[in-house]
**Q** 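Supplied in structure tokens, the structure appears directly below.
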Amino acid sequence: MSHEDYPTDDPAVVTCGLPYANGDLHIGHLRTYVGGDVYARALEKLGQQTAFVCGSDMHGTPIVVNAEQEGVDPESFALEWHEQYEETFPKFAVDFDNYGHTHDETNTELTLEFVERMEAEGYVYEKEIKVAWDPEDDQPLPDRYVEGTCPYCGSKARGDECDEGCGRHLEPGEIEDPVSTISGNPAEYRERPHKFFRVSDLSEYLTEFLDRLEGTANARNQPRQWIEEGLEDWCITRDLDWGIDYAGEEDLVLYVWVDAPIEYVASTKQYSERVGSDVYDWEEAWKGDGEIVHVIGRDIIQHHTIFWPAMLHVVGYDEPRSVMASGFMTLNGEGFSTSRNRAVWAQEYLDEGFHEDLLRYYLATNGGFQQDVDFSWQKFADRVNGELVGDLGNFLYRSLLFAHRNWEGTPEADLSDEVRAEIEAAIDAFEAAVNDYSVRKLGDATLDLARFGNRYIQNNEPWKLVDEAPEAAAQVIRDCVQVAKAVAVLFEPLAPGKAESLWEQLGEDGSVHDAELDAVLEAPPAAFGTEPAELFEGVEDERVEELNEKLEPRVQEATGEDAASEGAAETESEEATAADSPDMEPIADERLSFEDFQDLDLRVGRIETVDPIEDSDDLVRLEIDIGAETRQVVAGIKQLHDLDELPGEKVVVVANLEKTELFGVESNGMLLAAGEQADLLTTHGDADPGEKVR
RNA sequence: AGCGGGAUGGGAUAGCCAGGAGAUUCCGCCGGGCUCAUAACCCGGAGAUCGGUGGUUCAAAUCCACCUCCCGCUACCA
């Protein structure tokens with residue numbers, strides 16, 4: 001790896017995070033793949049030798065569980081999704097040089113080599129750990145399907161990750177009070193021997209690595225905190241049948257996050273073997289001085305900036321030069337949800353008949369790569385109509401049509417200096433974008449050039465010149481054709497299909513995919529290939545309405561469902577999900593006897609004084625007059641109310657609650673309040689302090 | 001409280017890492033032009049205390065400190 005500007009003399013590898021083979025792809029997923037594809041194509045435009053590789057992630061517990069539910073074996077289950085992905089990506093012009101999967105021979109072999117090497121270097125050791133066990137089936141319970149209490153923050157958590165609490169990764173056996181989410185039975189702990197990767201030894205290396213790492217800022221910053229907190233050794237085996245067997249250990253398979261990133265290498269190797277190492281040498285890329293660029297979603301930053309470089313380092317491979325971590329996508333402002341069908345599916349987009357390049361453009365340029373990006377059909381239409389149709393398409397069409405009508409192709413003239421300079425500036429912007437890891441700027445470079453084109457043709461008015469001064473008109477249009485050619489090459493990474501059409505219109509030989517930046521300023525052919533035609537079609541308002549009408553019911557339904565089951569894991573039953581809803585708690589089924597209710601001594605009180613408790617964010621100490629006496633009560637309302645306005649306010653107090661101490665302050669009673677905003681319960685009329693509430 | 005991401009004309013965004021011209025672009029608005037072009041294009045205009053307060057500097061949207069608010073996960077919500 002180097003830190004020289006691209007292009008370098010070394011082979012580059014661009015990878016995309018492996019799609020997990022257990023569900024349909026939606027356009028949110030596509031953001032990463034389009035981003036990677038655009039970037040890889042852009043590198044090639046610079047003349048950088050590049051392999052763009054990926055593969056399906058086939059292993060792991062969710063696949064086992066889902067396969068079981070469908071009554072098929074995990075392999076065929078995962079393979080089915082794998083094949084679907086393999087077919088889907090090309091439909092969006094995401095054109096991997098190799099697309100493998102983690103269960104294939106290449107990956108299996110390489111993974112075993114990696115682990116062997118890690119063992120040989122002394123970075124793997126065995127340790128007995130507690131594993132959750134389903135006593136009924138006498139089977140180990142996968143971490144993902146164990147629920148319990150996080151040992152760090154005490155909140156409810158999943159076995160492999162404190163998903164609702166502190167977000168920490170949990171090692172097997174760490175979780176407290178484990179319960180199987182599959183059977184609902186309490187799980188036992190059993191001692192099992194497992195393999196650990198001594199990541200804790202590598203914090204110094206990883207810190208330095210992060211200092212060197214290029215790409216998006218979130219990928220550099222997020223893992224720092226982790227290292228500072230102290231890295232734990234990483235359990236790299238699981239009690240499972242499905243996966244890559246751990247050599248010499250019958251019961252163990254490797255944890256998916258070991259073999260998954262190795263697929264990047266395996267896939268590169270497959271590519272290399274297919275085209276020949278004289279064309280692309282995977283060993284030079286991975287063990288020599290390759291430029292490794294990982295394009296991922298921001299949810300898997302840790303794996304790519306801690307575990308993966310740690311593995312690479314230990315086995316003596318190159319470290320990644322860059323990690324580009326994309327933000328998520330939202331749909332009309334809310335998150336995508338696969339399980340609730342709140343999504344625009346990849347296939348659905350295609351079924352609507354839109355060209356893949358329109359979505360590619362939207363995904364790649366609608367905001368910074370690490371920024372979350374919202375999708376709506378309206379925004380989609382706006383950008384297509386305004387930028388692709390109005391600026392880019394319109395410029396190309398008006399220029400080429402004019403050329404075609406008057407000169408039947410490119411008029412004879414030399415490229416003017418003004419336009420040459422403008423095109424050169426666009427090339428510079430393109431190169432800068434690549435070195436900035438910004439696919440957005442890549443799009444801007446082309447659009448800016450097209451906008452220049454529109455200005456240029458407008459200001460020079462060749463339609464007026466063509467009769468009076470045909471030479472001058474020829475000059476203008478000759479320049480415009482060159483700009484069109486530049487657009488074809490520069491826009492190819494974002495819109496490969498449209499760029500190719502344009503290339504054909506211009507009468508160029510070969511494919512625009514093979515054209516590099518140095519072709520941009522070469523003279524275009526005198527004769528056009530095909531008659532100029534509009535490159536982009538607008539999206540009508542009615543069409544947007546129609547699309548929204550299809551989408552909205554689903555979004556609404558999903559949002560409604562969410563309100564009733566937010567925070568619930570996808571696999572949980574309806575019953576379980578309803579129970580812990582924060583938005584709309586279900587009414588309790590269990591009935592209270594009147595006697596029990598009578599036990600509650602509720603009184604009207606009047607707030608006398610309010611003092612914030614120092615060092616506490618929420619707690620305040622209140623003096624409340626409840627008729628017979630004045631009580632000191634502690635309540636968590638500091639941020640929710642204007643404390644100065646509270647004295648004099650009437651409230652309802654639970655008078656016979658046991659005393660407790662909060663933040664060192666005694667609380668003798670409880671203030672009743674509604675909801676998250678602690679809306680204080682008060683009286684409608686003029687009840688006096690001390691009146692009993694019943 | 002913690003972590004991450006944000007706060008830039010009516011809306012949406014860029015610029016911030018590597019501090020310096022009139023703060024970018026798109027949509028919308030107002031006025032004009034053009035008629036080669038897909039009611040597209042071009043020109044002009046209104047509209048921003050660049051979240052706040054301090055600091056560093058000749059110079060701050062940009063760097064530093066503190067703070068406020070918003071989003072996501074979560075807390076001391078008796």
Side-chain angles (χ1 to χ4, degrees), chain A residues 150 153-157 161-168 214 217-218 220-226 229 298 301 327-328 330 333 335 365-368 370-374 378-379 381-383 385-391 393-406 436 438 440-441 444 447-448 450-451 453-466 473 476-477 480 532-538 567 613 615-620 633-640 653-654 657-673 675-678:
Chain A
C150 172
C153 70
S155 62
K156 199 179 119 192
E161 172 186 85
C162 181
D163 54 340
E164 292 175 40
C166 55
R168 267 191 90 127
E214 300 177 0
N218 54 356
R220 271 191 304 280
N221 297 334
Q222 202 178 307
R224 284 227 164 80
Q225 185 72 20
W226 246 46
E229 283 172 6
R298 67 159 203 239
I301 287 176
F328 288 146
T330 53
T365 61
N366 200 40
Q370 69 165 328
Q371 243 62 296
D372 288 353
V373 158
D374 188 51
Q378 183 61 55
K379 287 181 190 169
D382 284 348
R383 304 212 57 219
N385 295 344
E387 294 167 39
L388 294 180
V389 176
D391 292 333
N394 184 232
F395 162 71
L396 296 168
Y397 186 53
R398 69 198 294 205
S399 303
L400 298 186
L401 192 63
F402 201 86
H404 173 73
R405 282 183 187 159
N406 293 285
D436 241 8
S438 172
R440 179 201 172 90
K441 287 182 187 167
D444 286 347
L447 259 291
D448 286 347
R451 289 184 186 116
N454 270 323
R455 278 199 303 277
Y456 187 73
I457 195 169
Q458 189 76 36
N459 294 341
N460 288 295
E461 301 182 304
W463 48 91
K464 282 186 181 166
L465 295 174
V466 75
V476 172
I477 293 302
C480 287
E534 293 106 324
L535 214 51
F536 296 99
E537 251 178 74
I613 292 175
D615 295 331
S616 165
D617 299 319
D618 295 328
L619 296 178
V620 296
V633 169
V634 176
I637 57 172
K638 192 188 269 184
Q639 296 175 358
L640 302 170
V653 175
V654 185
L657 195 67
E658 62 185 11
K659 293 183 186 177
T660 187
E661 200 170 279
L662 290 170
F663 233 74
V665 179
E666 186 186 86
S667 180
N668 185 8
M670 172 179 170
L671 204 58
L672 293 185
E676 290 294 310
Q677 296 306 307

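Excluded from the calculations below are hydrogen atoms, water molecules and symmetry mates; all remaining heavy atoms, backbone and side chain alike, are included. Quick note on labels: first sequence line is chain A, next is B, and so on, each numbered from 1.
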**Q** Please report the distance separating the P of B/G15 from the corresponding atom of B/C36, rounded so that it comes out in whole Å.
**A**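 One P to the other, the span is 40 Å.
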**Q** A side-chain contact here means heavy atoms from C-beta on lying under 4.5 Å apart; do A/Asn218 and A/Ile301 qualify?
**A**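 Side chain of A/Asn218 against side chain of A/Ile301, heavy atoms only: contact under 4.5 Å found.
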**Q** How would nucleotides 33-43 of chain B be written as a contact map, 5' to 3', with B for base contact, S for sugar-phosphate-only contact and - for no contact, using protein heavy atoms under 4.0 Å?
**A** BSSBBB-SBSS
**Q** Determine the interatomic distance between P on B/G9 and the same-named atom on B/U24; round to the nearest Å.
**A**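 Their P atoms lie roughly 13 Å apart.
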**Q** Using a 6.0 Å cut-off, check whether atom CD of A/Gln370 has over 12 heavy atoms from anything other than its own residue.
**A**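 Yes - once you tally the heavy atoms of other residues, nucleotides and ligands closer than 6.0 Å, there are more than 12.
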**Q** Between C1' on B/C16 and CD on A/Gln371, what's the gap in Å once rounded to a whole number?
**A**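 A/Gln371 atom CD is separated from B/C16 atom C1' by 12 Å.
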**Q** Determine the Euclidean distance between corresponding P atoms of B/G22 and B/A65; express it in Å to zero decimal places.
**A**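 The answer is 29 Å between these two P atoms.
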**Q** Would you say the side chain of A/Phe402 lies within less than 4.5 Å of the side chain of A/Val466, judging by non-hydrogen atoms?
**A**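 Yes, close enough: below the 4.5 Å cut-off.
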**Q** In whole Å, I'd like the distance from the CD1 atom of A/Ile301 to the P atom of B/G72.
**A**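 So the two atoms are 19 Å apart, to the nearest Å.
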**Q** Need to verify one output field. Residue with the more 5' nearest nucleotide on RNA chain B, A/Arg298 or A/Asp436?
**A**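 The residue closer to the strand's 5' end, by nearest nucleotide, is A/Asp436.
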**Q** Starting from C1' on B/C73, measure out to CG on A/Asp372 and report it in whole angstrom.
**A**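 Checked: the CG to C1' distance equals 14 Å.
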**Q** Reading 5' to 3' and counting Watson-Crick or G-U wobble pairs with both distances under 3.5 Å, write the dot-bracket notation for RNA chain B, | for bases paired outside the strand.
**A** .((((((..(((.......[....))).(((((.......))))).....(((((..]....))))))))))).....
**Q** Between B/C73 and B/C30, how far apart are the two C1' atoms, rounded to whole Å?
**A**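 After rounding to an integer number of Å, I get 46 Å for this pair.
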**Q** Looking for any heavy atom pair under 4.0 Å, which part of the strands does A/Gly368 touch: base, sugar-phosphate only, or nothing?
**A**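 Result for A/Gly368 = sugar-phosphate.
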**Q** Using the P atom on both, measure B/A61 against B/C76 and round to a whole Å.
**A**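 After rounding to an integer number of Å, I get 41 Å for this pair.
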**Q** Could you measure between the two C1' atoms, the one in B/G5 and the one in B/C16, and give it in whole Å?
**A**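 Each nucleotide's C1' atom is 15 Å from the other's.
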**Q** Is A/Lys379 paired with A/Asp382 through a side-chain N to carboxylate O contact shorter than 4.0 Å?
**A**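 The answer is no: the pair does not qualify as a salt bridge.
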**Q** Sub-3.5 Å donor-acceptor pair from the side chain of A/Asn454 to the main-chain atoms of A/Asp391, do we have one?
**A**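 Yes, because the side chain of A/Asn454 sits within donor-acceptor range (under 3.5 Å) of the backbone of A/Asp391.
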**Q** Considering only the P atoms, how many Å lie between B/U25 and B/A21, rounded to the nearest integer?
**A**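 Pairwise P distance, B/U25 against B/A21, rounds to 15 Å.
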**Q** If we take the C1' atom in both B/G51 and B/C34, what is their distance in whole Å?
**A**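 That atom pair is separated by 43 Å.
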**Q** If you take all heavy atoms of A/Asn460 and A/Val476, which pair is closest and at what distance?
**A**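 Result for this residue pair: CB-CG2, 3.6 Å.
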**Q** What's the CD-C1' distance between A/Glu214 and B/C17, to the nearest Å?
**A**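 Rounded to whole Å, this separation is 12 Å.
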**Q** Using whole Å, report how far NZ of A/Lys379 lies from C1' of B/U13.
**A**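 The answer, rounded to whole Å, is 10 Å.
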**Q** Provide, to the nearest angstrom, the distance between the CG atom belonging to A/Asn218 and the P atom belonging to B/G5.
**A**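 One finds 7 Å between P of B/G5 and CG of A/Asn218, rounded.
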**Q** Just how far, in rounded Å, is C1' of B/U25 from CG of A/Leu447?
**A**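 Between C1' of B/U25 and CG of A/Leu447: 10 Å.
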**Q** B/A12 C1' sits how many Å from A/Arg440 CZ, rounded?
**A**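 Going from CZ in A/Arg440 over to C1' in B/A12 covers 10 Å.
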**Q** With heavy-atom distances below 4.5 Å as the criterion, would you say the side chains of A/Glu387 and A/Phe536 are in contact?
**A**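 With C-beta onward as the side chain, the pair stays apart.
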**Q** Could you give the distance from CG (A/Leu396) to CG (A/Leu401), rounded to the nearest 0.5 Å?
**A**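 It comes to 12.0 Å.
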**Q** Rounded to the nearest 0.5 Å, what separation is found between the OG1 atom of A/Thr365 and the CG atom of A/Leu388?
**A**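 Those atoms lie 7.5 Å apart.
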**Q** Just how far is it from atom CG of A/Leu400 to atom CZ of A/Phe395, taken to the nearest 0.5 Å?
**A**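 CZ of A/Phe395 is found 7.5 Å from CG of A/Leu400.
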